[in-house]
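Let me begin by presenting the structure, written as structure tokens, before commenting on it.
FYI, the numbering just counts along the sequence from 1.
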Amino acid sequence: MASKTLDTDATSASPSGKTFLGHPRGLATLFMTEMWERFSYYGMRALLIYYLVSGGADAAVGSQGGGLAMKATTATAIYSVYVSMVYLMAYPGGWFGDRVWGARKTVAIAGFVIMSGHIALAVPGQAAFFLGLLLVALGSGLLKANISTMVGQLYNGPEDPRRDGGFTVFYMSINLGAFVAPFVIGTIGKEYNWHLGFGLAAIGMALGLTQFLLGSRHLNPVSSEVPNPLLPEERKRLLKKAGLTVLGVAAFYGVVAGLGLYTLNWALVPLTIAGLLIPITVLARIKRDKDLTSDEQSKMSAYIWFFAAAAIFWMIYDQGGSTLSLFADKKTADSLFGLGFSATWYQSLNPLFVMAFAPVFAWLWLWLSRRDKEPNTIVKFSIGLLLVGVSFFVFIIPMTMADNGTLVSPLWLVSIYLIQTIGELCLSPVGLSVTTKMAPRKYASQMMGVWFLAVTAGDCTTSLLSLAGVSLNGTGIIAMQASLAALAGFAIFTYRKKVQALMGDVH
């Protein structure tokens, strides 16, 4: 998923005059920074669920010990909350870039915070682990919201013919880092030493940060500017509110801990509820804004349909790193055609399939468009939801086969990840596009953050189920989620004319 972009009319987008694959030289800097950041993020994420259950009853037989020995439900809740917080932080991350530090400084600080988080994860102990998760989530949110902004700033406005190609090249960096990471960080961390794996993620981010700092001279100077700086009175008011909030939270948890009542749920439950309420609150605030024109109000009504659909999609899709990963470790054979491999390797399938099929889909939509047969945004969303539902219906088959202790073929999981990726290519790029097209003028720079909140809502729903004690590794709950996605896709398709009418001139 790409972050928000910011158009610029700068006339000197590439100060050095050098080029990278025909693009401004600064694209190489941002490409390598993003690649290493994604390498560290997805490498750590491939380890996360396994480290949480390692040593406990839900770990695979014969697996490496030394983890946190948690139950699968608790581990899934932590994993889901963590992923949701990464995307939740993208919303304030854009705000910091626009109003406090500027995009370039925000990304540099974010890189340092992420690296510090991975270093904390490399230190044994539960306290260091949760501190590391917090830092990585904060840093990832800050970086995600600003680095794509700087890609846009490399070009001379939205009409620059190289612009779309530049974002395509940049998008490849995301998938390249995500593809390689499970083979390196995943294998070493899971099969040899957890903390060495987390340490490799820190080294990856250090390389990305170094690349960014050394190559910053190739970026557009406007990336150092703060587009809408806080006024002194605004800064003072904000610092006061932030300070009171921190003191209030610290006092509350101090009392809870002092009374001996603190458990992990005291942290997970509030974060999960916040992850569900914040997206709803943000959407409601925008929808009720009286400054919006009637046309913008109508488009926001339509957008809520897409937002809800995306939340359901990500609820299932992001279980690729939790529910599917646990199944891969415990109930799937660890070799194929005589080749043995780590269960973390499955996390490379999605970026591999994206790199393989994204160009195919781009060509397909163009080919259908020329024949006036390209499905509209609503139909593409319906297809994406249907496919992610189908992937979980397929998942039920190997789950049933493994009930008697049989280790199923890895090809089952390969097929599930493939179906989900095709669904992602139908929904995610279209969602990014429709967000920019339907954004009210007043909220143009914030709406991409709103789109990321759909991921937060979906993952927090998964976390809430896990915290309620629902095992997501049962065929019943898998079938229920698959049915929900299929029904949501059918509902959007059924009401497509109504939604299209609300969208106005957006198609």
For this session: Verify side chain to side chain contact (heavy atoms under 4.5 Å, CB included) between Y346 and L349, making sure each step is shown before the conclusion.
Result: CA-CA 5 Å; Y346 288 104; L349 289 174; 3.8 Å; yes
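- Using modelled atom types, one side-chain atom of T456 and one backbone atom of L88 make a donor-acceptor pair closer than 3.5 Å.
- For the atom pair CD1 (I147) and CD (E34), the distance works out to 4.5 Å, reported to the nearest 0.5 Å.
- Remark: side-chain polar atoms of T462 are paired, donor with acceptor, to backbone N or O of M315 under 3.5 angstrom.
- Between F381 and I378 there is no side-chain heavy-atom pair separated by less than 4.5 Å.
- With no hydrogens or angles considered, no side-chain donor-acceptor pair links T33 and Q211 at under 3.5 Å.
- Contact between A108 and L213 at its shortest, heavy atoms only, is CB-CD2, 4.2 Å.
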Going by atom type alone, with no hydrogens or angles, which donor-acceptor pairs under 3.5 Å involve a side-chain atom of residues 306-313 and a protein atom two or more places apart or on another chain?
none

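- Between P375 and L368 there is a side-chain heavy-atom pair separated by less than 4.5 Å.
- Closest approach of S382 to F493, counting heavy atoms only: OG-N, 3.4 Å.
- Remark: the backbone N or O of L502 is paired with a side-chain donor or acceptor of S298 at under 3.5 angstrom.
- Contact check for V499 versus I492: no side-chain heavy atoms found under the 4.5 Å cut-off.
- When side chains are defined from C-beta on, I477 does not count as touching S471, because their heavy atoms never get closer than 4.5 Å.
- Residues Q319 and S322 form a side-chain contact, since some pair of their non-hydrogen atoms from C-beta on lies under 4.5 Å apart.
- Counting only distance, with no hydrogens or angles, the side chain of S325 and the backbone of G320 share a donor-acceptor pair below 3.5 Å.
- With S40 contributing its side chain and E37 its backbone, the two residues share a donor-acceptor pair below 3.5 Å.
- Taking OH of Y41 as the start and CE of M205 as the end, the distance is 13.5 Å to the nearest 0.5 Å.
- Using a 4.5 Å heavy-atom threshold, the side chains of V107 and M150 count as touching.
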For this session: Begin from the C-alpha positions of Y303 and T435 and carry the test side-chain hydrogen bond (donor to acceptor under 3.5 Å, both in side chains) through to its verdict.
Result: CA-CA 8 Å; Y303 188 75; T435 298; 2.9 Å; yes
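- Between K437 and M503 the shortest side-chain heavy-atom distance does not fall below 4.5 Å.
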For this session: Please test E225 against R104 for salt bridge (charged side-chain N to carboxylate O under 4.0 Å, His left out), starting from the C-alpha separation and ending with a verdict.
Result: CA-CA 8 Å; E225 298 175 4; R104 188 185 301 192; over 6 Å; no
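- Using a distance-only test at 3.5 Å, with no hydrogens or angles considered, a donor-acceptor pair links the side chain of N220 to the main chain of Q153.
- Contact of the I174 side chain with the M35 side chain is not registered, since no non-hydrogen atoms from C-beta on lie closer than 4.5 Å.
- Other residues, nucleotides and ligands place no more than 12 heavy atoms under 6.0 Å from the OH atom of Y495.
- The line from NZ of K105 to CZ of F96 is 11.5 Å long, rounded to the nearest 0.5 Å.
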Exercise. Y42 and Q347: side-chain hydrogen bond (donor to acceptor under 3.5 Å, both in side chains), yes or no, with the steps?
Worked result: CA-CA 8 Å; Y42 282 103; Q347 299 306 303; over 6 Å; no
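- Here the straight-line distance linking atom CG of L472 with atom OG of S80 works out to 7.5 Å at 0.5 Å rounding.
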Validation: residues 234-252 side-chain donor-acceptor distances under 3.5 Å, sequence neighbours left out:
residue : atom : partner : partner atom : Å
E234    : OE1  : R99     : NH2          : 3.0
E234    : OE1  : L231    : N            : 2.9
T245    : OG1  : K241    : O            : 2.8

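- The nearest pair of heavy atoms linking F392 to I478 is O-CG2, 3.4 Å.
- Contact record, I316 with Q481: CD1-O, 3.4 Å, taken as the closest heavy-atom pair.
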Exercise. So R45 and Y79, side-chain hydrogen bond (donor to acceptor under 3.5 Å, both in side chains) or not? Walk me through it.
Worked result: CA-CA 8 Å; R45 211 171 86 161; Y79 175 90; 3.2 Å; yes
Exercise. After noting the C-alpha distance and the side-chain angles of L133 and L48, does the key distance pass the side chain to side chain contact (heavy atoms under 4.5 Å, CB included) rule?
Worked result: CA-CA 10 Å; L133 278 190; L48 185 53; 4.1 Å; yes
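- The backbone N or O of F490 sits less than 3.5 Å from a side-chain atom of T494, completing a donor-acceptor pair.
- What you find for L154 and H218 is that their closest heavy atoms are CD2-O, 4.2 Å.
- Within a 6.0 Å radius of CZ in F112, other residues, nucleotides and ligands contribute 12 heavy atoms or fewer.
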For this session: Tell me, with the steps shown, if N350 and T421 meet side-chain hydrogen bond (donor to acceptor under 3.5 Å, both in side chains).
Result: CA-CA 6 Å; N350 170 252; T421 301; 3.0 Å; yes
Expected list for residues 268-295: side-chain donor-acceptor pairs under 3.5 angstrom, two or more places apart:
residue : atom : partner : partner atom : Å
T272    : OG1  : L268    : O            : 2.8
T272    : OG1  : S463    : OG           : 2.9
T281    : OG1  : L277    : O            : 2.8
R285    : NH2  : Y91     : OH           : 3.2
K287    : NZ   : Q297    : OE1          : 3.0
K287    : NZ   : S301    : OG           : 3.3
D289    : OD1  : D291    : N            : 2.8
D289    : OD2  : K442    : NZ           : 2.9
D289    : OD2  : Y443    : OH           : 2.4
D291    : OD2  : K442    : NZ           : 2.9
T293    : OG1  : E296    : N            : 3.1
D295    : OD2  : K299    : NZ           : 3.3

For this session: In sequence, state the C-alpha distance, the side-chain angles, and the governing distance for S391 and Y417, and then conclude on side chain to side chain contact (heavy atoms under 4.5 Å, CB included).
Result: CA-CA 8 Å; S391 74; Y417 282 111; over 6 Å; no
For this session: Determine, stepwise, if the pair F212 / L219 fulfils side chain to side chain contact (heavy atoms under 4.5 Å, CB included).
Result: CA-CA 10 Å; F212 182 77; L219 302 175; 3.8 Å; yes
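- Judged by distance alone, with hydrogens and angles left aside, the side-chain atoms of S369 form no donor-acceptor pair with the main-chain N or O of W365 at under 3.5 Å.
- For S173 (side chain) and F170 (main-chain N/O), a donor-acceptor pair under 3.5 Å exists by modelled atom type.
- Closest non-hydrogen pair, Y155 versus P24, comes out as CE2-CD, 3.5 Å.
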